[in-house]
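This one's a predicted model, so the numbers in the text were calculated from it and none came from an experiment.
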Amino acid sequence: MDALLQATARAEARHFWFQGFRAFVEPLVRRATGGSPAVRILDCGCGTGANVEWLSKFGVAYGFDLSETGLRFGRDRGRSRLVRASVVAAPFPTGSFDLVTSFDVLYSLEEPVERAALAEMHRLLRPGGFALINVAALEILRGDHSVLSRERRRYTRQSLGAAVTAAGFSIVRLTYTNAVLFVPLLFSRTLQRWRGLKPEHEAQHEITLPPPPINALLSRLLLLESAWIRRYDAPFGSSLLCLARKDD
């Protein structure tokens, strides 16, 4: 996982995937926070803390992660509201946040730990608060990146929805994203599985920054998709995005 965090730290400012991800997520963050600068936000499994810095535009944001490597990267970049903790035992009082987020974390957890992590997110939220979750989608897209990120599963709408509701949440929005990447990813990852997935230390090419013209094109395509996603749910994609609510 440290290899993934190191690769992420190099790519997250400009890589097309991160540009698209934030475009997909921002409308749901605004919906959850209601435009109030006083809301408290917690990123569970924050990695390098880049998303904590970004979430600070919408309220007072904190983050925690188990990896000291990711936290060190974040602190070296001046991100101060970061602590070391497990997703099943966050060092914060019950009901102390308006929004909790989990971005590309749950798929790397064993099922009992996944359930405990969702229960912990539910505990941390105030009644009426929101959880925002992003995960890898569709087993048919398993590839080298799955090794790098140590995926234990890729989700469908049904499996993610069932896990979230079992933790006591009500689903507000659940959609696939990165639909414009689906066909090229399906082709490339089918080939990767056919030739055998690379070991973790050889899989970092999956998150390197592509040549500028390609990166710019893919960024624009994802921004266009994000505008469409604001109104419609995508029927497929390489990720799933869920906004859920803790009932009053």
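Using cut-offs of 30° and 60° on the angle between ring planes, the pair F182 and F236 is tilted. Taking the six-membered ring where tryptophan is involved, the planes of F92 and F64 are tilted, since the angle between them lies from 30° to 60°.
Side-chain atoms of Q19 do not come within 3.5 Å of backbone N or O of S219 as any donor-acceptor pair. Checked by atom type and distance alone, the side chain of N178 never pairs as donor or acceptor with a backbone atom of G237 at under 3.5 Å. A side-chain donor-acceptor contact under 3.5 Å links N215 to the backbone of F16. Of the possible donor and acceptor atoms, none in the side chain of T33 sits under 3.5 Å from a partner among the backbone N and O of S36. Side-chain atoms of R195 do not come within 3.5 Å of backbone N or O of L191 as any donor-acceptor pair. No side-chain donor-acceptor contact under 3.5 Å links D43 to the backbone of G63. Side chain of R157 to main chain of P235: no donor-acceptor pair is present (N/O by atom type, distance under 3.5 Å, no hydrogens or angles). Between the side chain of R123 and the backbone N or O of G95, no donor-acceptor pair lies under 3.5 Å. In this structure, the side chain of T190 engages the main chain of L186 through a donor-acceptor pair within 3.5 Å. Using modelled atom types, no side-chain atom of R189 and backbone atom of R142 make a donor-acceptor pair closer than 3.5 Å.
For R173, the salt bridge (Lys or Arg N to Asp or Glu O under 4.0 Å) criterion is met by D233, not counting sequence neighbours. Here P212 pairs with nothing under the side-chain contact (heavy atoms from CB on, under 4.5 Å) rule; sequence neighbours left out.
The CG atom of L125 lies 9.0 Å from the CG atom of L42; values are rounded to the nearest 0.5 Å. Here S146 contributes atom OG and K198 contributes atom NZ; the two are 14.0 Å apart, rounded to the nearest 0.5 Å. Separating the CZ atom in R77 from the CG atom in L82 is a distance of 12.0 Å, to the nearest 0.5 Å. Separation of atoms CD (E120) and OG (S102) is listed at 12.0 Å; rounding is to 0.5 Å. Distance CG/N51 to CD1/I41: 11.0 Å, rounded to 0.5 Å. With values rounded to the nearest 0.5 angstrom, S149 atom OG is found 10.5 Å from D144 atom CG.
Between G45 and V87, the shortest heavy-atom distance links the atoms N-CG1, 4.3 Å. Looking at every heavy atom in both residues, A234 comes nearest to I229 through CB-CD1, 3.7 Å. A167 and H122 get closest at one heavy-atom pair: O-CD2, 3.4 Å. Closest of all the heavy-atom pairs between W17 and S239 is CZ2-OG, 4.1 Å. Nearest heavy-atom pair across C46 and V52 is CB-CG2, 3.8 Å. For P91 against V83, the heavy-atom pair with the smallest separation is CG-CG2, 4.1 Å.
For the pair L132 and L241, the minimum side-chain heavy-atom distance is below 4.5 Å. Side-chain contact between S80 and R75 is absent, with no heavy-atom pair separated by less than 4.5 Å. Looking at heavy atoms from C-beta onward, E111 lies in side-chain contact with R153 at the 4.5 angstrom threshold. Side-chain contact between V25 and L28 is absent, with no heavy atoms from C-beta onward closer than 4.5 Å. Contact check for L243 versus R31: side-chain heavy atoms found under the 4.5 Å cut-off. The shortest distance between side-chain heavy atoms of V29 and L99 falls below 4.5 Å. Looking at V100 and F97, their side chains come closer than 4.5 Å, going by heavy atoms from C-beta outward. By the 4.5 Å heavy-atom criterion applied to side chains, H15 and P210 are counted as neighbours.
When hydrophobic clusters are built by joining Ile, Leu, Val, Met, Phe, Trp and Tyr residues whose side-chain heavy atoms come closer than 4.5 Å, directly or via intermediates, L138 is grouped together with I133. With hydrophobic clusters built from ILVMFWY side chains whose heavy atoms lie under 4.5 angstrom apart, Y232 shares a cluster with V172. In the hydrophobic clustering of ILVMFWY residues, with side-chain heavy atoms under 4.5 Å counting as a link, V147 and L185 come out apart. Cluster membership for L217 and F187, using ILVMFWY side-chain heavy atoms within less than 4.5 angstrom, is not shared. Note: the hydrophobic cluster containing I140 also contains L181 (ILVMFWY, side chain heavy atoms under 4.5 Å, direct or indirect links).
Ion pairing of E200 with R150 is present here, as a side-chain N (NZ or NE/NH1/NH2) and a carboxylate O approach within less than 4.0 Å. Salt bridge R154/E139: absent, no basic N to carboxylate O contact under 4.0 Å.
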Dump the intermediate steps for side-chain contact (heavy atoms from CB on, under 4.5 Å) on Y176 and T156, then the final yes or no. CA-CA 9 Å; Y176 290 99; T156 63; 3.9 Å; yes

Let's go through H145 and Q192 carefully: what are the C-alpha distance in whole Å and the side-chain angles of both, what is the deciding distance for side-chain contact (heavy atoms from CB on, under 4.5 Å) to 0.1 Å, and is it a yes or a no?
CA-CA 10 Å; H145 188 273; Q192 289 171 3; over 6 Å; no

Steps toward side-chain contact (heavy atoms from CB on, under 4.5 Å) verdict (L174, V164)
CA-CA 10 Å; L174 177 57; V164 170; over 6 Å; no

Steps toward side-chain contact (heavy atoms from CB on, under 4.5 Å) verdict (S108, R152): CA-CA 5 Å; S108 67; R152 295 184 178 273; 5.6 Å; no

Query raised in the report: What's the verdict on ring pair (Phe, Tyr, Trp, His ring centres under 6.0 Å) for Y107 and Y155, showing C-alpha distance, side-chain angles and the deciding distance?
Result: CA-CA 8 Å; Y107 59 65; Y155 293 80; 7.6 Å; no

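In the displayed structure, L223 atom CG is contacted under 6.0 Å by more than 12 heavy atoms of other residues, nucleotides or ligands. Around the CZ atom of R84, the shell of radius 6.0 Å holds more than 12 heavy atoms that belong to other residues, nucleotides or ligands. Annotation: R220, atom CZ; neighbour count of heavy atoms from other residues, nucleotides and ligands within 6.0 Å does not exceed 12.
Close placement of the F103 and F21 rings is indicated, their centers lying within 6.0 Å of each other.
A salt bridge (charged side-chain N to carboxylate O under 4.0 Å, His left out) with D98 is found for exactly one of R40, K246, R126, namely R126.
Side-chain atoms of D104 and N134 form a donor-acceptor pair, as typed in the model, at a separation below 3.5 Å. R245 and S170 share no side-chain donor-acceptor pair at under 3.5 Å.
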